[in-house]
Amino acid sequence: MMNRANSLVIVGAQWGDEGKGKVIDYLAANADVVARFQGGDNAGHTVVYGANIFKLHHIPSGILYPGCISLLGNGMVINPLVLVDELNKLEKRGISTANLRISGKAHLIMAYHQVYDQANEALLGENKIGTTGRGIGPAYADKALRRGLRAIDMTDIDCFRDRLAQVLPLQNRLLKDAYNYPGYDLEQLVELYRPACERLSPMVTDTSILLADQLSEGKKVLFEGAQGALLDIDHGTYPFVTSSSTVAGAAGPGSGLGPRSTARMLGVLKAYTTRVGEGPFPSEDEGETGDHLRDQGGEYGTTTGRPRRCGWFDAVIARYAARINGLTGLAITKLDVLSSLETINIAVAYECGGKTIKEFPLSMAELQLCKPVYEVFSGWDEDISRVGSITDLPGAAKLYLEAMEEMAGVPVELISVGPDRAQTIIKPRSYLAGWCGGG
Ligand code: GDP
Ligand code: IMO
Ligand code: MG
């Protein structure tokens, strides 16, 4: 029997880069499987322990535990060349990738997808999305247009060639006519991918069966979200979003399980807000505060190195993310970054055209005009990066956390006070305390 308490979905609840990698790595110490269910190598998840820093793009943040199965679900788009590079880099550092499994139904990001992505951005000019340029959107578009290649196609190079031969004439036509880009030669493309097909084939399997079996054996499964609620293709700040469903509900379809496979959804929220790429961001601070947060928080993109746009915590977004994900708990990261600020703001509502707005607006044109309404909180001077329990946090930090959970309407279960595994506080008697083996 599947025990729903044994699985947990972890998602970003802002615009990505909330610290999901850190939180998932921490919780993976007590997991048997970590499964990605959407996105591709646009993700950049950082895991730090001691002097070791790992930046993961496709590979789940459980890979550092040798006993943990890492799984790339069917909802993902995978760039085989980048994945092989990622595997090689981990192996070189002594990390075993023997437990990596790839869903045969996951779609492949092909060289031409990156060409489209970058050309689309150039054609959009000042209206560009600010994508990671990894070919994510075009790969998902081809999936929906039913002209994608899938991981299962890699397991037989003749099938790979046949499938490519079916779709390449159309791709070449588009590349040449619409993008003024030379097309690809079928055999050259097959040769480009052959080594990756050979390397990855043994990992390709029916991950839906594997996950269902693990859960029915009572094993513990973490579903690792990439990106964040406001980058969701439906619920995000469209069109400035990514091309997949980033919300917790996508864990089922993105991994081949039904909606009853889990009851727990943990939303990861940074103690302030950041975003990379274009699009509205009501609490953005382009002045001193934003610069301070960027410097203190090291806010530069893990995948592209771009400086992240920074601003105060936005409770309107937290409430919205709680609703669209059905969050049951919060992980608040980077609380340490706020130390030494005299006062800290939280956006509690927006003001637009003389109206006060408490819910995240439907219209992105309206969101663009929204100005944050702030509630001001006292800061704290203490360095909290070595604090190991909630009781030992400064009073002002505790009040700030309480305000965040009250405004989001979801209890805080984990607090992160630094990038390292060790810099993590679990709320006693919470679901996560149970997950970690405590009471
Ligand atoms: P993800 O995409 O959600 O996994 O987040 P990223 O890894 O892209 O960005 C988060 C960054 O913040 C990484 O450099 C982490 O090492 C770092 N980080 C995570 N949690 C904390 C924290 O509590 N405090 C500080 N100072 N850094 C953190
Ligand atoms: P993680 O998992 C932050 C953003 C891009 C761009 C938009 C579309 O590390 O949190 P895409 O390449 O997906 O078509 O770009 O989405 N974006 C992210 N921002 N963190 C991410 O992943 C992101 N993945 C995509 O910057 O605005
Ligand atoms: Mg990231």
Side-chain angles (χ1 to χ4, degrees), residues 10-26 36 38-49 52-58 60-61 76-77 79 109 113-114 116-118 120-121 128-141 224-233 236-244 246 267-272 274-281 293-309 331-339 383-385 387 414-425:
I10 303 183
V11 286
Q14 293 157 322
W15 274 288
D17 301 328
E18 298 90 348
K20 298 176 292 296
K22 141 116 206 209
V23 170
I24 291 159
D25 166 74
Y26 182 84
R36 280 275 308 268
Q38 47 71 231
D41 60 330
N42 48 349
H45 297 175
T46 315
V47 174
V48 179
Y49 66 94
N52 305 293
I53 302 180
F54 294 92
K55 293 184 186 295
L56 304 166
H57 298 287
H58 291 97
S61 305
M76 286 188 72
V77 286
N79 184 324
I109 303 173
H113 291 135
Q114 279 169 287
Y116 292 133
D117 192 359
Q118 288 160 22
N120 289 342
E121 287 285 273
K128 70 176 194 280
I129 309 294
T131 72
T132 59
R134 300 293 183 113
I136 305 295
Y140 276 116
E224 171 170 352
Q227 290 82 51
L230 295 183
L231 291 171
D232 181 84
I233 182 85
T237 45
Y238 195 89
F240 302 101
V241 294
T242 190
S243 301
S244 65
T246 62
V268 186
L269 282 164
K270 222 173 253 191
Y272 47 97
T274 63
R275 138 163 242 181
V276 272
E278 311 302 317
F281 177 176
L293 293 171
R294 190 174 309 104
D295 288 348
Q296 296 299 307
E299 296 297 353
Y300 295 88
T302 310
T303 300
T304 59
R306 288 177 289 179
R308 294 176 182 148
R309 299 158 62 194
I332 304 290
T333 62
K334 305 194 98 159
L335 192 64
D336 54 301
V337 173
L338 298 181
S339 287
D383 172 4
I384 60 169
S385 62
V387 172
L414 181 154
I415 300 146
S416 173
V417 291
D420 198 275
R421 272 180 193 168
Q423 294 169 297
T424 311
I425 303 172

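Quantities reported herein were computed from a predicted structural model and do not represent experimental measurements. In each ligand, atom 1 is the first atom listed, and ligand 1 is the first ligand listed. Each residue takes its place number in the sequence, starting with 1.
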**Request:** Please state whether T304 comes within less than 4.0 angstrom of ligand 2, counting heavy atoms only.
**Result:** no
Please confirm whether [X] comes within less than 3.5 Å of ligand 1 when only nitrogen or oxygen atoms on both sides are compared.
{"X": "L335", "answer": "no"}
{"X": "T333", "answer": "no"}
{"X": "G297", "answer": "no"}

Where is the nearest protein heavy atom to [atom]: which residue, which atom, and how far?
{"atom": "atom 18 (C) of ligand 2", "value": "L231 CD1, 3.5 Å"}
{"atom": "atom 6 (C) of ligand 2", "value": "G130 O, 3.1 Å"}
{"atom": "atom 9 (O) of ligand 2", "value": "G44 N, 2.9 Å"}
{"atom": "atom 13 (O) of ligand 2", "value": "T242 OG1, 2.6 Å"}
{"atom": "atom 19 (N) of ligand 2", "value": "V276 CG2, 3.3 Å"}
{"atom": "atom 12 (O) of ligand 1", "value": "K334 NZ, 2.8 Å"}
{"atom": "atom 3 (C) of ligand 2", "value": "D17 OD2, 3.2 Å"}

Return a yes/no value for [X]: is any of its N or O atoms, backbone included, closer than 3.5 angstrom to an N or O of ligand 2?
{"X": "T131", "result": "no"}
{"X": "K20", "result": "yes"}
{"X": "R306", "result": "yes"}
{"X": "Q227", "result": "yes"}
{"X": "H45", "result": "yes"}
{"X": "S243", "result": "no"}
{"X": "R275", "result": "no"}
{"X": "G16", "result": "no"}

**Atoms in ligand 2 flagged as close to A43, the criterion being non-hydrogen separation under 4.0 Å** = 1 (P), 2 (O), 9 (O), 22 (O)
**Asked** Hey, which atoms in ligand 2 end up nearer than 4.0 Å to a heavy atom of W15?
**Response**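 What qualifies from ligand 2 is 3 (C), 19 (N).
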**Item:** Distance filter under 2.8 Å, centred on the Mg ion (ligand 3) - protein N, O or S atoms that pass it
**Value:**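 You should have found D17 OD1, G44 O.
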**Complete:** Contacts of D41 meeting salt bridge (charged side-chain N to carboxylate O under 4.0 Å, His left out) (sequence neighbours excluded), chain-then-number -> R134
**Message:** Can you check which of T132, T246, V241 brings a heavy atom nearest to atom 8 (C) of ligand 2?
**Reply:** V241
**Item:** Residue list, ring pair (Phe, Tyr, Trp, His ring centres under 6.0 Å) with F240, at least two apart or on another chain
**Value:**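 If we apply the ring pair (Phe, Tyr, Trp, His ring centres under 6.0 Å) test to F240, skipping adjacent residues, there are no hits.
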**Item:** ring pair (Phe, Tyr, Trp, His ring centres under 6.0 Å) partners of Y140, counting only residues at least two apart
**Value:** none
**Request:** Report the part of F240 in contact with ligand 2, treating N, CA, C, O as backbone and CB onward as side chain, heavy atoms under 4.0 Å; options are side chain, backbone, both, neither.
**Result:** neither
Between [X] and ligand 1, which residue portion shows a heavy-atom distance shorter than 4.0 Å: side chain, backbone, both, or neither?
{"X": "D336", "result": "side chain"}
{"X": "V337", "result": "side chain"}
{"X": "R308", "result": "side chain"}

**Asked** Would you call G16 a ligand 1 contact, heavy-atom distance under 4.0 Å?
**Response** no
**Prompt:** Looking only at heavy atoms, what is the nearest atom pair of R36 and P60, with distance?
**Reply:**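 Where R36 meets P60 most closely, the heavy atoms are CG-CG, 4.0 Å.
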